[in-house]
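Beneath this line is the structure, given in C-alpha cells, with notes to follow.
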Amino acid sequence: MKSIFMLSLYALFIFAAPSQNDLVGPNALINYEHYLAQLSERKGESADTTLKRSLLYKLINITKYAKQQQPKLLKNSQIDDSEAYMEGFWTLIEQKKALQRLHRSIRETQQKVSYLKKAAESRESNTTFPSVEALQYAFYYKTDERLQKQLARLNEAIHHNTNVLKESLSHIDFDTVENAKKSEALKKRHHLAQMELENLKIEKERLQLLGREERAAQMQKEIVRAKERLDEITEQLIESELPRYFQALEKKDSNLFNIYEEIKKLVESLSDEERAAYTPLLQTLETMNLQRLGKAKILLHRTKEGLVMIEKDLWHKLQTPLFSINEKPISSWNLIVALFILVAGFTLAGLYRRYIRRITHAFINVTPSNQIIVSNLGYYLILTVAFFIMLKSMGLDLSSLTLIAGALSVGIGFGLQNIVANFISGIILLFEKSIKIGDFLEINDKLRGRVVDIHMRSITIRTNDNIDILVPNQTFIQNDVINWTLSDSRRRMRIPFGVAYGTDIKKVKTAVLDALSKSSLHYIRDDETKQPMVVMIEMGSSSVNFELFVWVEGDETLKPLRTADKFLVLIYNTLYENGIEIPFPQLDLHVRDIKDRLEIVKPQE
C-alpha cells in the first residue's frame, strides 16, 4: 500500500505541472528535495540546471536550517548605574536602526515577490518542473516569511527594552557635572572644526576664482576630511548631551525641551548619511518624552514652538528691506515703528491741546487767545519732535535734512505757497492778538460771525445762522476785516427812518427819544457820552430822513439785524401813535397846454 502511494505521488510529480502552492505551501520542503533529486538524475549540466540547483539548495537551507537570531532583551536588574543605562539605551538605538533596515529589506523583498509571481504565472503551465522564476519567487517568498518573523521579534524586543529603560530611569543618577565639562570641551572643538571647515570653503572659492582648479580639487578633499572630523565631534557631542537630557527627563525639568532641541540641531548638522543613522535616536527621545511627560505637555510645547517659529518667520519678513533711502534699507518694521511714532505724536499732541484748554479755564487772567497760542504752539512742537524721532527710528541721518529742506523749498515755491502763507499768517495772528476767540468779525457784506477756533491754517467763524465757515488766515492779513469786538464790545447802531414833508422836526425827535427812554430795550443808558440821539440826515425825494444813533453792547451788538428790528418796531409804533406820517415814494406829473406851439402841417396834394 505504501509503495502504491509513493508511486502515485511520483506519477503526480511526473505528469502534473507544479503549482506555486507546491513551492511555498506546508509540503514545500519535500518538493524542494524531490526536485533536487530530479536534477541529479539528469545527464549534462546546463546553466539553467545549475541555477535551479542553486536555488533549490537555498530554499532547503532557508526552510530547514536557517536560524533566527534573538534580539537582546534588557533586564531591570542589570541597569543599576548611568553607564549600564547608556549601554542599554544604545542597544535600543541599534535595534531601531536594525528595524529600519529590516523594513527596507521587507519592502524590497515583497516587490520582488510580486514581480516574480507574475513572471512565473506567465510561463507555460504544462511543464513538469518549476521554472527559474517560480523557484526565485519561492525563495523570496520564504525570505519574506523569515523577515516577518524577525520583524515581530524585533518589535517585541524594542517595546520591552523601551519599558525597561523607562522604569529604570527613576533610580539612575547621572553625573551631569562631569558630562557638562566634557560637553563644554567638545563644544569648543566643534566650534574650531566649524571655523576650519568654513575657512577651507572660502579658500576653495578663492582658488576657483584664480583659476587654480587642480589646487581647488585638492582643497575639496581637505573639505571632505574636515567635514568627517566635524561629524565625528558632533556625534561625540550628541553622546555627551544625552546624560543631561536623561537627568532632565527624570526630573521633568522644563529645560528638557531645550536640551532636546540642541540634540536635534546637532543631528541636523550631520551629513546626510550620518543624519539618517541618527533618526532612530530622535524618534526614541520623542517616544520617551511622550511616555514621561504625557501628550498634554508635548502638545503645549509644540504649540509654543510653533508660535516661536511663526514669530521668527514674521520678524524675518518684517526685517526684509523693501526699498532704500540714501543707501539706507527701509524694512516693513521701520515703517511700522515710524507710523506708530507718528500716531503717538498726534495722540499726545491732541491730549496736550485738550489738557491745556481745560486747565486754562480755571485761570481768570488767561484769555481764550492765550489758550489758543499755548495749546497750538505745544501741539505743533510735539508733532515736530515726533517727526524727527520718526526719521531717527528709520535710521536716517538727520544731518542730511538740509538736502530735504532744499527740495521742500522748491516744492513750497511752486505748489505749497498758499499753505505756507496761511501757516505764517496764522502765527502772525496768534502773536498779534488782533483776532481772538469770541470776536465778532465782518469780512464782507455777506460774511459776519463770531470766531470759535483759530488754527495754523484757517480761522473758524460761526455765523448767526450757526454755520461754521473756515476762512484762510491769509485773508485776515491781506484784506480789510472789521472786528466789532476788538477793543470794546459796545457799538453805535444807526437806525434809519423817514417822515413826510411838513412834519414838525422837533416833535419827531422828542417823540422817538421819549418812547426809547420809556421802553425796555437794552442799550447803554448810564453813559453820558453815549446817549441816544435822533439826527436828520437829508431831505429826500419823498421824505425827510432821520437816523437814530443808539449805543448797544453784548448780544445786541453781535445780532445787528435782530437789534435793528427792535428799534425799528419802536420807531414805527411811536410815529403811528403820534400821528406822524410815514411817507412812501411819490411821483408828481405836471401836464402843460402845448396846443399853440404845435404846427399843423397839411398834407400835400
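Counting begins at 1 with the first residue of the sequence.
Between I79 and A84, the shortest heavy-atom contact is CA-CB, 4.0 Å. Across all their heavy atoms, E250 and S170 have their closest contact at OE2-O, 3.6 Å. Listed here is the closest heavy atom pair of P130 and L135: CG-CD2, 3.9 Å. Here the shortest heavy-atom pairing between L55 and V132 reads CD1-O, 3.9 Å. For the pair K187 and L237, the tightest heavy-atom approach, listed with the atom from each and the gap, is CG-CD1, 3.8 Å. Across A226 and L200, no two heavy atoms sit closer than the pair CB-CD1, 3.6 Å.
In terms of modelled atom types and a separation under 3.5 Å, the side chain of S168 and the main chain of L165 share no donor-acceptor contact. A distance-only check finds no donor-acceptor pair linking the side chain of S54 to the backbone of L51 [under 3.5 Å].
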Donor-acceptor contacts, no H, no angles, side chain residues 94-103, under 3.5 Å, sequence neighbours left out:
from, atom 1, to, atom 2, distance (Å)
Q95, OE1, N161, ND2, 2.8
Q95, NE2, K72, O, 2.8
K96, NZ, T284, OG1, 3.0

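The salt bridge (charged side-chain N to carboxylate O under 4.0 Å, His left out) search around E196 returns R229, not counting sequence neighbours. With sequence neighbours excluded, the residues satisfying side-chain contact (heavy atoms from CB on, under 4.5 Å) with Q148 are I106, Q110, D144, L151. With sequence neighbours excluded, the residues satisfying salt bridge (charged side-chain N to carboxylate O under 4.0 Å, His left out) with R215 are E222. By the side-chain contact (heavy atoms from CB on, under 4.5 Å) test, I202 pairs with no residue at all, sequence neighbours left out. By the salt bridge (charged side-chain N to carboxylate O under 4.0 Å, His left out) test, D173 pairs with no residue at all, sequence neighbours left out. The side-chain contact (heavy atoms from CB on, under 4.5 Å) test applied to Q236 returns L186, R189, E232, not counting sequence neighbours. Judged as a salt bridge (charged side-chain N to carboxylate O under 4.0 Å, His left out), and not counting sequence neighbours, the contacts of R244 are E241, E262. With sequence neighbours left out, I389 forms a side-chain contact (heavy atoms from CB on, under 4.5 Å) with I341, V385.
Residue pairs meeting the ring-ring contact (aromatic ring centres under 6.0 Å, His included) criterion with at least one member in residues 199-246, sequence neighbours excluded: Y85-F246, F89-F246, F174-F246. Within the structure, the salt bridge (Lys or Arg N to Asp or Glu O under 4.0 Å) test picks out the following pairs touching residues 24-34 (sequence neighbours left out): E33-K64. Within the structure, ring-ring contact (aromatic ring centres under 6.0 Å, His included) contacts touching residues 140-161 (residues at least two apart or in different chains) are Y137-Y141.
Separating the CZ atom in F346 from the CG atom in L383 is a distance of 5.0 Å, to the nearest 0.5 Å.
Heavy atoms from other residues, nucleotides or ligands lying under 6.0 Å from CD of E87 number 12 at most.
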Note to self: What verdict does the side-chain contact (heavy atoms from CB on, under 4.5 Å) test give for L249 and M288, after you've listed the backbone C-alpha separation in whole Å, the side-chain angles of each residue and the deciding distance to 0.1 Å?
What the structure shows: CA-CA 8 Å; L249 182 65; M288 298 180 76; 3.9 Å; yes

Next item on the list: Applying side-chain contact (heavy atoms from CB on, under 4.5 Å), run through Y278 and L282 and close with a yes or a no.
Entry: CA-CA 7 Å; Y278 273 88; L282 295 179; 5.8 Å; no

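A salt bridge links K142 with E145: the closest approach of a Lys/Arg side-chain nitrogen to an acidic carboxylate oxygen falls below 4.0 angstrom.
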